[in-house]
Structure formats: C-alpha cells, structure tokens
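What follows is a set of notes on a single structure, which appears directly below.
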Amino acid sequence: MARAAGSVQDARPPERSSMSVRVRFAPSPTGHVHIGNIRAAILNWLFARHEGGQFLLRVEDTDRERSTPEAVQTLLAAMQWLELEPDEEPVYQSTRRPRHDAAVAAMIERGLASRITPDGPAVLHMTSALFDPSFVTESRHPVEIDVSQAETAISAPGVAVTTRGAGREAVTERLNWDALTDLEIATADAATHSGAALRARAGESREPVALESLLGSRPVSLRFRRRFVHYDDLVLGRLEKPLDSIRDLVIARADGSPVFHLANCVDDHEMGVTHVLRGNDHVENTYRHLFIYRAMGVTPPQFGHFPMILNDRGRPYSKRDGDAYVGDFQARGILPDCLFNFLALCGWSPGDDREVMSKAEMIEAFTLDRVVKSGAQLNMKKLLWMNQRYIAAMPPEKLQAALRGELRRAGRDPDAVDPAWFAFLAEQMRPRLRTLAEFPVETACFFDEDVTIDDKARRKVLLANGGAGLDVLRRVREPLAAAGDWTVASLETAITAFLEASGLEIGQVAQPLRVAVTGRAASPGIHETLFLVGRERTLRRIAEALRSE
RNA sequence: GACCCCAUCGUCCAGAGGCCUAGGACAUCGGCCUUUCACGCCGGUAACACGGGUUCGAAUCCCGUUGGGGUCGCCA
C-alpha cells in the first residue's frame, strides 16, 4: 500500500480487486460507548450487509490519556453485545503513525503543504494546486461589492474582504486569492486593478493586506466570482460551500503528530474504505477532507451523513443527560436486538409500516436514500414498548436464561430453585415485563421467605370496609390448607368451592389473598400466584397478615 | 457573528404535484376482556412552522421569514 512521493497527477486510487463496498466504524474509545456513536456503527453495518460488502473497525486511540485498554474493551464488548463484529481485524490508529507521517512528508515535498515557521505546525494550503473540477467549481455570476458607500465596516457574506474605518480602508483578512477568481478592483481614480496584479504585488502574502496600500488609491468596488467546493452527500444530496470560507488546514501539529483530519483520510484510504458514513457533525469536515484526499493524490470515498440523536428535550446529547450509553441500556435490561432495532429506526425507516424487524429484514430493506435528514429525538417509552415486544417473542429457554442472569445480578441464586417452577414463573412474568431488570424486583415475593405488605394495598384491600378483607382471609385459610397437591388446578378447585360455599365473588377473595401473599396489589393470576408462593409460605403469610392487623 | 444543513401529530416515521378528508407506531384519552396488574382487542384527541409565488391543482417545486441544528482548534 506504500506509495512513493510524487506529483499529484500520477497518483491513483488504491488497487482493489473488486468494487465491493467497504465501510468502517471509527470511534475513539473513551470508556463509554454513546448510543449516537453505536447507531453510526449499526447503520454502517446494515449498509455493508445490504451491499454484501465489508464492515471494518478502526479504533482511533491516538489520545493516550483516554484510550486505555479498558476503554477499548468496553467498546469491543458493546459491539459484541449488539453482534456488530467487524469483518476484519480492528485497525488501531496509534499503530499507523508512520503512514501519517509519510503522508504529511509527501504533501510537504510536493509543495502542497508547509510549515510556516520551522517549529510550527504543518499546514495544507488551499491553493489552486488542490482544486480539481470534480469538486471545485466557479460561480457563474460575479459578485459585486460597492465599498465606497460603506459607512462602517462591512463584510460581504462569506467573503474574506472587509472594509474598515468607515469605508476608508479596505483590508483583506487573510485573503485566499485562490478562493476568488476574476477579481477586479475599481478605485476612486477610475483605475481598475486585476486580482493577478495585486496578488503579485502582495507577494502572495497570506497575511492581512490593506488593499489601499496595494492600490495606492481608495477602492470603490470589488468584483469577482467565487469558487465553491461541492460533493454529493449520500443522504443529504448535493452540498456546496464557498471556498473563501475555508481556511488553510493544519495537518500536523508543531510536535509532528498528525491531526484527526489527516489521520482519518490516510487511514480510510489505506483501509480501502469506499463509503464514509458518519454523523452530521462531520459535514463541514468533509469539504476539508476532499482537499486532503486531493493532496494525497487519491480518489476520495463517497460520503453520507446521518442526523444526530437528540435527548428527550430535543437538544443534542451531552454528558449531563446520562442514560445514553450502551452499557446503561444493557444494565436496564434492554435486549440487544431490541436496541439495535430501535436505533436503526432512529433516522431510518424501511419505507412501510414495519417497526419490529429482524436483522435480516433490516438488512434487506436498508438503503441510504431512506435515511432521514433531520435530527431524531429518542422516544424512551417506545423503546420500552419495543423491548416488551422482544421479550414476548423470546423462546422460553432464552427468556429463562436471561432472567436467571438478572437474578444473579441482583444477588440471588437462580439455581437454588426448581427449574420447572422457574420456567412457570418466567412465563407468568413475560407479559408483565418491559425490561429484564424489572424481574428481580417484581418477583421478590416469590423468592423471599417473608414479605412486607404495601401500606396502600393493606388499607385498600385488607382494612377497608371494617376489615372485610381480613375477614375473608380468616375464612379462606382452612379451605386452602385443605387443598391437596397445591397445583394451579387444585387451588382453582379449592377456591371455586369456597366461593360457592361462601357466596363471595372471586374479586372479593382474590385481592385480599394477593395482598397478603405478595404484599402488593398486582401479580399474576391468583391461582398461579398461590402456586408460585407455595403452600407453606402462603399459609404463613396469611397468618402474618391476620396477626399484624 | 459568518457559513452550511434541516423543518409533517407531544415523539419517531410514511408521504418523492392530484391516490391526503394527511397514514402507521409510541405516548395519551375512552371502551371491551378480566380476580388485580399486565397482555390482547376496539375506538377517540392530535401535525403539514409562517408568508409569498409556480401550477388547473402543492405537505410535496421556488423565494423569503421564523425556528432548530452543525461548523468555524496545533479536539476527535
């Protein structure tokens, strides 16, 4: 992949056996993986799979402070959890320093970049040597600025020409002569000066120059055509920006280390990346990167930018928002497939009404032209709803395994209970769970020896109406104790018989039982609940509820 | 501030000039089911930011305004 330094003209794209798509996810490991970031990985992955291409990972670990081995592990773990395994070995940017240095050296050697001062940073110059018709064009119509009328300082939109001192003195602020074309300046004495002449007189200076001092007369009007940088964004469409608003670019720091832009372009090129798909915050960078690729003498990849993810107030995510890291969702018991699905749908849709989709379906439907342009606010309630749907669809064994994990995390031993009993409990809880993490707290009454009765439930169900609930408990206790093998069926039989004998309604009996036995007003069906709590604990809890009256 | 981008129910998305009396999902409200809580089912409320054009016809195209976001580092 190494290439000798040479002129811009002789360079060409890297040799690739096929034109197959290669995309990459290029995060810098910070110890946390933000969902906006992992969403970028998801969309890249989806695109690669849809196109039958490769999904690569480049760890941008050049920041030694933050990029600890642990931070890298966190990143890899998050990707594994979501099944976003890259198709090739991860590339660690820190190992690529020699290539970056070589690229900088080559640009300097070609005269495209230079160090302004010997111990200063290396700067890529935005000169016409870098302008390629494939991404730099000239505006058709000239811009005309009347300087003489200016009372105070004026600044033409986007043009780095400013008149100061009540219009007396026109100053070019770091004027990039190459950003403008066909520059003509008319002066008070009616003479007209061309940009080329002035440029020569200014000695190609990139420092502020007073036009007046070059002209020897006060400028009256400026006339020029602007140059534009442009490219076709895969999701945003045709984008352009006046060149005069883009300044020379630092590519290597004074200490010689490459800056992000340089390293990014060099690595993407040498990894054979064909499509750079990243967040919206990089669109402005893209214009600069185009020049870096040009300076490298290579064809740039294609670019696509998807919208940013916003917090629930509709504002950009910041560290203060919290709960926006992949690990947080995992800890809350969001299923990986669900988070994947949800995040994929954040800024993209298949074009029809499908929402809960398998990865295969998403891959099949994924195209960049269906990526939305505007920012997407996360709808956490919808995430919970979707997670509930995923839980509902889990195979029983998988559900049980996942719930066992939650139990362990909560400090309980899921292996201490009867597997059949646990399987039954899992199925009873399935429709009642929005997240896996809810399981241990919702089912504590089935695992603990004793239960604490919720005050509100006690008042409403047991103590109301002169203690009618307690009265029911007193009367149902014996028939229950007599229930034979304590199965759901036998409990149903016993309770039904009690209802007939007592003339009570099921509701009058079930709620007091539920509260006494679970401590709360909500649980699975009463027969199922009693079965799960078991004979011994059921009778004991009823007795306790009566005693603490 | 300059430049660039974006703009449909509270939120996410559908809509690529007539199929729109604007559709779906979450949330919300009401009802059904039901021993509770959920699940499930049925129904309701709710949006084309504003103003000009273009057109026989505009949520869809153009211009402006407003609002939001992004970028302006020897951070990534």
Side-chain angles (χ1 to χ4, degrees), chain A residues 26-28 30 60-63 66-67 93 115 120-123 155-160 229 233 235-237 239-247 249-264 279-288 305 307-310 312 314-316 342 345-356 369-370 372-386 388-389 391-392 428-434 442 457 460-461 495 499 504-515 518 520-527 529:
Chain A
S28 50
T30 60
E60 307 215 327
D61 57 347
T62 50
D63 184 339
R66 291 188 298 171
S67 301
Q93 191 166 59
R115 292 184 192 280
V123 170
S155 173
V159 182
V229 204
D233 193 280
V235 347
L236 265 8
L239 259 30
E240 66 172 20
K241 194 180 173 73
L243 192 54
D244 43 77
S245 66
I246 298 179
R247 300 198 166 159
L249 179 66
V250 171
I251 52 175
R253 303 184 185 89
D255 68 5
S257 61
V259 303
F260 158 76
H261 304 289
L262 190 277
N264 204 261
N280 235 334
D281 49 339
H282 282 295
V283 311
E284 304 281 329
N285 287 337
T286 304
Y287 298 114
R288 304 164 168 196
H305 295 88
M308 308 293 286
I309 288 184
L310 310 173
D312 49 19
R315 317 216 50 113
F342 182 74
L345 249 32
C346 192
W348 173 80
S349 82
D352 48 40
D353 286 339
R354 283 178 296 169
E355 292 196 313
V356 178
D369 60 351
R370 294 219 55 87
V372 160
K373 297 180 183 178
S374 50
Q377 191 173 328
L378 250 33
N379 188 167
M380 290 304 170
K381 288 196 171 169
K382 188 161 186 172
L383 206 215
L384 293 177
W385 164 81
M386 187 176 277
Q388 190 164 39
R389 294 291 303 273
I391 289 175
Q428 287 300 310
M429 293 307 294
R430 185 197 287 269
R432 279 162 246 266
L433 257 26
R434 291 189 305 174
E442 297 291 324
K460 188 176 175 192
V461 179
I495 289 177
L499 292 180
L504 291 166
E505 293 293 323
I506 178 73
Q508 297 173 281
V509 176
Q511 272 311 78
L513 272 175
R514 189 185 324 275
V515 170
T518 68
R520 25 168 67 208
S523 82
I526 194 63
H527 311 124
T529 297

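Being a predicted model, the structure only gives us computed values, none of them experimental. Below, chain A is the first sequence line, B the second, and so on; all start at residue 1.
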For nucleotides 30-51 of chain B, 5' to 3', base contacts (B), sugar-phosphate-only contacts (S) and non-contacts (-) with protein non-hydrogen atoms under 4.0 Å give -----BBBSS------------

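Distance CZ (A:Arg247) to P (B:rC74): 11 Å, rounded to an integer number of Å. Between the C1' atom of B:rC3 and the CD atom of A:Glu284 lies a distance of 7 Å, rounded to the nearest Å. The CD1 atom of A:Ile309 sits 17 Å away from the C1' atom of B:rG68 (whole-angstrom rounding). The CG-P distance, from A:Leu239 to B:rC4, rounds to 10 Å in whole Å. Summarising the geometry, the separation between CD on A:Glu240 and C1' on B:rC4 is reported as 10 Å, rounded to the nearest angstrom.
In this structure, B:rU60 forms no base pair with any nucleotide, since neither Watson-Crick nor G-U wobble geometry is met with both distances under 3.5 Å. Using the Watson-Crick or G-U wobble rule with both distances under 3.5 Å, B:rU65 pairs with B:rA49. Base pairing of B:rC26 is made with B:rG10, judged by Watson-Crick or G-U wobble geometry with both donor-acceptor distances under 3.5 Å. Nucleotide B:rG1 has B:rC72 as its partner under the Watson-Crick or G-U criteria, with both atom distances under 3.5 Å. When both distances must be under 3.5 Å, the Watson-Crick or G-U wobble mate of B:rU21 does not exist. When both distances must be under 3.5 Å, the Watson-Crick or G-U wobble mate of B:rU35 does not exist.
One P atom belongs to B:rA49, the other to B:rG40, and the distance between them is 33 Å to the nearest Å. B:rU60 and B:rG53 are spaced 14 Å apart, taking the P atom of each and rounding to whole Å. Atom C1' of B:rG10 sits at a distance of 30 Å from the matching atom of B:rG52, rounded to the whole Å. Comparing B:rG69 with B:rC12, their P atoms sit 14 Å apart, to the nearest whole Å. With both ends at atom C1', the span from B:rC42 to B:rC50 equals 39 Å, rounded to whole Å. Between B:rG1 and B:rU8, the two C1' atoms lie 32 Å apart (nearest whole Å).
A:Val372 comes within contact range of the sugar-phosphate backbone alone, with a heavy-atom separation under 4.0 Å but no base atom that close. In this structure, A:Ala254 reaches the bases: a heavy-atom distance under 4.0 Å links it to at least one base atom across the strands shown. Using a 4.0 Å heavy-atom criterion, one finds that A:Arg115 contacts no nucleic acid atom at all. A:Glu355 comes within contact range of at least one nucleobase, with a heavy-atom separation under 4.0 Å. No contact: A:Val283 has no heavy atom under 4.0 Å from any strand.
Checked options A:Gln93, A:Glu60, A:His282; the residue passing with A:Asn264 is A:Glu60 (criterion: side-chain hydrogen bond (donor to acceptor under 3.5 Å, both in side chains)).
In this structure the side chain of A:Ile391 never reaches within 4.5 angstrom of the side chain of A:Pro431, judged on heavy atoms. Side-chain contact between A:Ile309 and A:Cys346 is present, with at least one heavy-atom pair separated by less than 4.5 Å.
Side-chain proximity of A:His261 to the nucleotides B:rC12, B:rC13, B:rA76 is greatest for B:rA76. Looking at the side chain of A:Phe260, the nearest of the listed nucleotides B:rC74, B:rG23, B:rA76 is B:rA76. Of all nucleotides listed (B:rC74, B:rG24, B:rC26), B:rG24 comes nearest to the side chain of A:Asp353. Each of B:rC12, B:rC13, B:rC74 was ranked by its minimum atom distance to the side chain of A:Val259; first place goes to B:rC74. Out of B:rC26, B:rG70, B:rC5, the shortest distance to the side chain of A:Asp281 is found at B:rG70. Closest approach to the A:Ser374 side chain among B:rA14, B:rA7, B:rA76 is made by B:rA7 (side chain taken as heavy atoms from C-beta onward). Of all nucleotides listed (B:rU28, B:rG23, B:rA25), B:rU28 comes nearest to the side chain of A:Lys381. Here B:rA76 is the nucleotide among B:rC4, B:rA27, B:rA76 with the atom lying nearest to any side-chain atom of A:His282.
OP1 or OP2 of B:rA14 has at least one side-chain nitrogen or oxygen of A:Arg370 nearer than 4.0 Å.
Electrostatic pairing of A:Glu355 and A:Lys382 counts as a salt bridge here, judged by a charged N lying under 4.0 Å from a carboxylate O.
When the nearest nucleotides of RNA chain B are assigned to A:Leu378 and A:Glu60 by heavy-atom distance, the more 5′-ward of the two goes with A:Leu378. Judged by closest nucleotide on RNA chain B, A:Tyr287 is the one of A:Tyr287 and A:Gln93 placed further toward the 5' end.
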Restricting to nitrogen or oxygen on both sides, can you table the protein-nucleotides 58-67 of chain B pairs closer than 3.5 Å?
none

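The number of heavy atoms from other shown groups lying within 6.0 Å of CZ (A:Arg434) does not exceed 12.
Side-chain contact of A:Ser523 with A:Thr518: a donor-acceptor pair under 3.5 Å is absent, judged by distance alone.
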